[in-house]
Protein chains: 4
Amino acid sequence: MIRVAILGATGYTALELIKILLRHPEVEITVLTSRQEGSPHVSSIHPQLSDRLDLCLENTDPASVAERVDCVFCCLPHAASAATIMQLLNHNVKVIDFSADYRLRDQATYDQWYGGPHPDPDRLGQVVYGLPELFAEEIPTAELIANPGCYSSTSILGLAPLLRAAMIDPTSIIIDAKSGVSGAGRAPKLGTLFPECNESLSAYAVGAHRHEPEINQVLSHACHQEVRVLFTPHLVPMDRGILCSIYAEPTGTCSVDELMQAFRHFYEDQPFIRIVDHLPATKHVSGTNFCDITVRVAGGRVIVLACTDNLIKGASGVAVQNFNLMHDFEQTTGFEA
Amino acid sequence: MIRVAILGATGYTALELIKILLRHPEVEITVLTSRQEGSPHVSSIHPQLSDRLDLCLENTDPASVAERVDCVFCCLPHAASAATIMQLLNHNVKVIDFSADYRLRDQATYDQWYGGPHPDPDRLGQVVYGLPELFAEEIPTAELIANPGCYSSTSILGLAPLLRAAMIDPTSIIIDAKSGVSGAGRAPKLGTLFPECNESLSAYAVGAHRHEPEINQVLSHACHQEVRVLFTPHLVPMDRGILCSIYAEPTGTCSVDELMQAFRHFYEDQPFIRIVDHLPATKHVSGTNFCDITVRVAGGRVIVLACTDNLIKGASGVAVQNFNLMHDFEQTTGFEA
Amino acid sequence: MIRVAILGATGYTALELIKILLRHPEVEITVLTSRQEGSPHVSSIHPQLSDRLDLCLENTDPASVAERVDCVFCCLPHAASAATIMQLLNHNVKVIDFSADYRLRDQATYDQWYGGPHPDPDRLGQVVYGLPELFAEEIPTAELIANPGCYSSTSILGLAPLLRAAMIDPTSIIIDAKSGVSGAGRAPKLGTLFPECNESLSAYAVGAHRHEPEINQVLSHACHQEVRVLFTPHLVPMDRGILCSIYAEPTGTCSVDELMQAFRHFYEDQPFIRIVDHLPATKHVSGTNFCDITVRVAGGRVIVLACTDNLIKGASGVAVQNFNLMHDFEQTTGFEA
Amino acid sequence: MIRVAILGATGYTALELIKILLRHPEVEITVLTSRQEGSPHVSSIHPQLSDRLDLCLENTDPASVAERVDCVFCCLPHAASAATIMQLLNHNVKVIDFSADYRLRDQATYDQWYGGPHPDPDRLGQVVYGLPELFAEEIPTAELIANPGCYSSTSILGLAPLLRAAMIDPTSIIIDAKSGVSGAGRAPKLGTLFPECNESLSAYAVGAHRHEPEINQVLSHACHQEVRVLFTPHLVPMDRGILCSIYAEPTGTCSVDELMQAFRHFYEDQPFIRIVDHLPATKHVSGTNFCDITVRVAGGRVIVLACTDNLIKGASGVAVQNFNLMHDFEQTTGFEA
């Protein structure tokens, strides 16, 4: 059994992570931490876990955690995450980091988008980006994984096959992304109150969302060309789900069949990517680790539609995929059929 | 034109109040206050009001406000409200108070339920409860009105006719109440975040909601008998709307027709009460000042179903009804047909 | 491996059933039927199942089905269900019936509430009611199980311990029940269109819901006393979840602790019942087979709050519990930890 | 008083239309029609209208209607609408048509997108498109108005100022549009059931939505250039609201200020267009006749965000604007401040 800790266990991604790990036959959750006062039982934070997990949340003490676990899922905020992870790695604990701290390879980019300076600049550029469909070779031997952003992974999965096949112009890409509200986290904020979000829809952070440089970096790196997307996120009145409607100019004349074929070929052996003929809905992937993708051609443009559950394939599910690869388990261990 | 101020203008009830008052032919909104930093334009707080109201929010200075208005709608929190109102009344300004500060007539009850002591105990017991369907005679001459709680008014409107007609046992009443989330206010709280409320339903404050003593007091007073209800509120994943499902034991054998007749008779000339044959839905009254009521008999019990828009008939709409009565306007002035 | 068929596989309960059965290590789904034209692939009906189940829906031919399966989950409509089941039982196939056809033990009651005559009256009164927490002894040897109604099981689970312990008056019970919209099925109807249900709440079938006689029969039978409840269902704008707010008069003076103790004792070894101290929310059980229950005392009455996922514990989950008991598997086989 | 009829009065747009017209000081609703059996009272179809409008729905008999009204709002389906309108116009009744029958000027385009042949081809090309912000000069003298589609008007309002000012390339336009479910109408369909739409999001009719040729035609005509947009609609889990996120390539280098200025100038005297600095949300315009618009520049592209209430500014509100212009009333008559 691999003993694991979840640091920052009060949020929505942590809850989904716990639910997956409780199903995982090779995992024992031994430590949960948070900044809560006292040491509340996890079921008082997540009543969903009543009678399912008997642990109390403790403060985050990296040295103490490292003694009791083999692997850490770190759900701490940006900057706090890297500061903690530096200590964990010194104790030979494997870490999967949900924050953005190690996603960007370039320190200046990090400082610009996250209000640096980065606490651990020396590791930047050496950390594996944990998207198994693209980086399955690097993940198994990594000590530290930068778990992808939810918008980022959905967008990258919808674009990589066409960029690799040189079927779309890498400078023409527009990603009109829509997300459920859980993506904004569990800290009380005016903007995510029920009466603010319900029966409403809006764009936010237009031209200024932190996942845009992340998408550009990963796609440029993985597809060996300079990719520069325009990314516009929207907040949709639902709990979960991301849909990316992606527009790009084709490099030549390619049919829908050829585009679909490129996707099917690229994801041939991937258990969590479903290339579908119909237009996917977020509900089709809700509660699962699937990413459903289809492609169309209209008005002289390629349109890719890709959707995921932002808390699972967009966060905790992909983290467990990474965990499985790092520990030589089947990628699908812990997931439903 | 009556010049009015709205104190505590950042919340949901204030927004609805402003929207009604903008339609009111005899009102000019001259002052808005809040505890916000700076003096933000109202449209930055309520973008709905862009191009519709050109006012900035100022700090709440009762003396200054009193100089510039004839009537104040006070949407401040409990206790803060009474402290401010005491000063306003000294300046001969009429006040409609949305807080609970003057609703309960008994100081001990207030102190018990609201963590007293009350800032203005001498006025308790003398303030008119602003439910026009019951107290239309006292309202016109009042200087200060205690605007009813949203659950309270819906419950009282569903019970008063049957209690007055002695058709139900005043000690047998169970009110199973359900409310949309806007009733919980606009201050960010974990419990009203979208991902907490959406796709969920629960009871709260069972046997411990502050509207229970309010309902008991008003019904006992208005119906001349000792009324003691059991009140259970529930939070429903919708913006607005209250539905009270009310159960009571009949005092004798009475048919649905007789019960309906009692309602129709009691509310004969009331423009905002609709006695309907069908089972009312909150959507039928959403955005309006109507209270829809019907009654059934089943299992030897009387079942009343009453619904309102909690922000309008349950708060800002009834406040404008009170305002109209206090200023000798038609009760319906400012409302849609 | 037990080979199973799902008859009437196009609805929401069938989808949840398939998802559970795909996780079940001892089950192979071999037949799906429906009244659809042609023989569509199941993923065209339920896109959630893309790449997960490779079966086409066929017409319902009982003799042909019986040859290819060991057990049938029958999700057909009332009356059609019994007509089909009569044939299946002749072929020695075990059946779990989701319809109400075999729930009521008395033919006259069936005919009154379901517009009889019953197609198979001789079996009435002999069929085991599939609520494992009450009837675990009869279920293992049954050939045919009447799977409970969703409101019924939630209500019964919330009442049986107190009735058995004679702690509440069996004639004083009021069940104010609230359900998500999926309980109304997947056939297009005006009343369940999104713009009708969303942002709305209403009672329906007041004093006239078919689950009322079912609850009365099962509780009277199981608790050896004449139980007669008043049952009022409400439609809530959410996909899933049932919350029953149950009011009853105590027979003596009993504390909350004693009531909680009665629940904990009664459900001591039950893996899917969680007696919780907090007020349960439907979201806590959404997607699971749990029933969360708590109890309070207020206003001289006992208040029980019980909630389930109507599609799982209220339908497909309990069906798999029954299936497990009928086939000598652990009750929890196929379910998450 | 202008006497008006509403043909096809059972839908969501008809309900909103009635609510606006009840506020209109110069209108009397005298006829409502539908294809319902019998002649139900309007409050049995729309319980919102209980005690507010005392009319029964009758069958649609154009000659009889024409005798009793001065103006008809026609909410009939495509093709049925033109067939009825031909008769109404013969009786010298003014008509505002909510269907698409007279929106497209070219018969071949109509036949292609609506499965023609058109019942009244001779009038095509001569009917005024009822978007007052663009065609205020033609509307007052028109006998027949083609009321715009909801997606169309929102898109056109967001693009016309920039096209007229030649600030964007007319062949580069991508409209990623999102709509609430009420836009799909009130006829029961699987796709608009609550459990299908709620907690889900998807694109539909990609490259194949009927509003695409309508947008192209109107913008080409109004802006004197060949406009060809790519239009992708999405279904969002909310009742009402349309948000169009519009991407276009600038023709030169223009700043956000210049773009905003172009919008403010174009809509200078328009009472229902609000050019806002913030990112608009559909909730800001819900229940109103406003269209909120802002513009940004990012990634070398112009991004326009425009939102409306699809049932009001997108249908019934703009219809009353047209009605007002046709009858020489202020455009804002019948609307809130």
Side-chain angles (χ1 to χ4, degrees), chain B residues 171-180 191 195-209 212 216 228-243 245-247 249 278-287 292 294-301 303 305 307, chain C residues 171-180 191 195-209 212 216 228-232 234-243 245-247 249 256 278-287 292 294-301 303 305 307:
Chain B
T171 68
S172 72
I173 298 165
I174 295 172
I175 303 171
D176 192 281
K178 299 96 176 165
S179 174
E196 301 288 317
C197 300
N198 186 46
E199 275 294 292
S200 197
L201 173 71
S202 65
Y204 66 99
V206 175
H209 195 282
E212 188 174 296
N216 285 335
R228 209 166 161 72
V229 306
L230 173 58
F231 177 79
T232 310
H234 297 74
L235 195 63
V236 177
M238 57 187 191
D239 274 7
R240 332 171 137 208
I242 281 182
L243 175 67
S245 309
I246 307 175
Y247 303 90
E249 287 173 24
H278 58 267
L279 294 169
T282 59
K283 195 163 218 165
H284 302 161
V285 299
S286 188
D292 282 7
T294 199
V295 63
R296 296 288 185 276
V297 174
R301 287 188 189 76
I303 307 172
L305 296 151
C307 64
Chain C
T171 67
S172 71
I173 300 165
I174 295 172
I175 304 170
D176 191 281
K178 299 95 174 165
S179 174
E196 301 288 318
C197 300
N198 187 45
E199 275 294 294
S200 196
L201 174 71
S202 64
Y204 65 99
V206 176
H209 195 282
E212 187 174 296
N216 285 335
R228 209 166 162 72
V229 307
L230 173 58
F231 176 80
T232 310
H234 297 74
L235 196 63
V236 178
M238 58 187 190
D239 274 6
R240 327 172 140 207
I242 282 181
L243 175 67
S245 308
I246 307 175
Y247 304 90
E249 290 172 21
V256 170
H278 58 267
L279 293 169
T282 58
K283 195 164 218 166
H284 302 161
V285 298
S286 188
D292 282 7
T294 199
V295 64
R296 295 288 185 276
V297 174
R301 284 187 191 78
I303 307 173
L305 296 151
C307 64

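Small disclaimer: the values here were computed from a predicted structure and weren't measured. We name chains A, B, ... by the order of the sequence lines, and we start the count at 1 in each one.
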Peer 1: Check whether His284(B) gets within reach of chain C through its side chain, its backbone, both or neither, counting any heavy atom under 4.5 Å.
Peer 2: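 His284(B) has no heavy atom closer than 4.5 Å to chain C.
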Peer 1: Tell me, out of Thr171(B), Leu201(B), Leu243(B), Val285(B), who's got the most heavy-atom pairs with chain C below 4.5 Å.
Peer 2: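 The option with the most such pairs is Leu201(B).
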Peer 1: What distance do Leu230(C) atom CG and Ile174(B) atom CD1 have between them, rounded to the nearest 0.5 Å?
Peer 2: 9.5 Å
Peer 1: Less than 4.5 Å to any heavy atom of chain C: does that hold for the side chain of Ile303(B), its backbone, both, or neither?
Peer 2: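 Side chain only.
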Peer 1: Strictly by side chain to side chain donor-acceptor pair (under 3.5 Å), give each pair with a member in residues 199-208 of chain B just once, sequence neighbours left out.
Peer 2: Tyr151(B)-Tyr204(B), Glu199(B)-Asn198(D)
Peer 1: Considering all heavy atoms of both residues, which atom of His234(B) and which atom of Ser245(C) are nearest to each other, and what is their separation?
Peer 2: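 Between these two residues, the closest heavy atoms are NE2-OG, 2.7 Å.
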Peer 1: Using the test side chain to side chain contact (heavy atoms under 4.5 Å, CB included), find all partners of Pro237(C) that sit at least two apart in sequence or belong to another chain.
Peer 2: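 Side chain to side chain contact (heavy atoms under 4.5 Å, CB included) check on Pro237(C) returns Val236(B), Met238(B), Phe194(D).
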Peer 1: Return the minimal non-hydrogen interatomic distance between Ala203(B) and Leu305(C), and the atom names on each side.
Peer 2: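 The pair with the smallest heavy-atom distance is CB-CD2, 3.9 Å.
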Peer 1: Go through the steps to decide whether Asp176(B) and Thr232(C) satisfy the test side chain to side chain contact (heavy atoms under 4.5 Å, CB included), and finish with yes or no.
Peer 2: CA-CA 11 Å; Asp176(B) 192 281; Thr232(C) 310; over 6 Å; no
Peer 1: Where does Arg228(B) contact chain C at under 4.5 Å (heavy atoms): side chain, backbone, both or neither?
Peer 2: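 For Arg228(B), no heavy atom lies under 4.5 Å from chain C.
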Peer 1: Please look at Glu249(B) and chain C and tell me whether the side chain, the backbone, both or neither of the residue comes under 4.5 angstrom of a heavy atom of that chain.
Peer 2: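 Only the side chain of Glu249(B) comes within 4.5 Å of chain C.
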